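Okay, structure first, notes after.
Bear in mind that the values here come from a model prediction, so they are computed numbers and not experimental data.
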Amino acid sequence: MAWLVDKRILAGGVAMLAVGIALSALFSSSMPAGQSGMTEEEALELLIAQQELQDYSILSGILIAVGFMLVLISFGAIKRRKKGSKIQ
């Protein structure tokens, strides 16, 4: 059985999936932690850093989703022609 797949779209989707998963793993492993006795300014900087990291994690999740959609689209990008039918 021959798979009808658009290889360029599939390769782009797989690349986006790989990069998104790698970035997601990187961001989840480097969450900044607070310490006891922090000043208000340090606590505010910590909250900002945590929010930025969470935003980057959301963006990497979007990258994963778009890559997955491209993989799915690649399987339906080539339409089969019926034997004997002519395009008019």
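Not counting sequence neighbours, the partners of Tyr56 by the ring pair (Phe, Tyr, Trp, His ring centres under 6.0 Å) test are Phe27.
Side-chain N or O atoms of Ser24 include none that pairs as donor or acceptor with a backbone N or O of Ile21 at under 3.5 Å. Remark: side-chain polar atoms of Ser57 are paired, donor with acceptor, to backbone N or O of Leu53 under 3.5 angstrom.
The OG atom of Ser74 sits 10.0 Å away from atom NZ of Lys7, with the distance rounded to the nearest 0.5 Å. Of the inter-residue distances, the one linking Ile64 atom CD1 with Leu59 atom CG reads 11.5 Å to the nearest 0.5 angstrom. Distance check, rounded to the nearest 0.5 Å: CG of Leu17 to CG of Leu63 gives 8.0 Å.
Summarising the local packing, CE of Met69 is surrounded by 12 or fewer heavy atoms from other residues, nucleotides or ligands at distances under 6.0 Å.
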Could you pull out every donor-acceptor pair under 3.5 Å between side chains of residues 40-51 and any protein atom, sequence neighbours left out?
from	atom 1	to	atom 2	distance (Å)
Glu42	OE1	Thr39	N	3.1
Gln50	NE2	Pro32	O	2.9
Gln51	NE2	Asp55	OD1	3.0

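Across every non-hydrogen atom of Leu70 and Gly13, the tightest pair is CB-CA, 3.7 Å.
Cluster membership check: Val19 shares its hydrophobic cluster with Ile58, using side-chain heavy-atom separations under 4.5 Å among Ile, Leu, Val, Met, Phe, Trp and Tyr.
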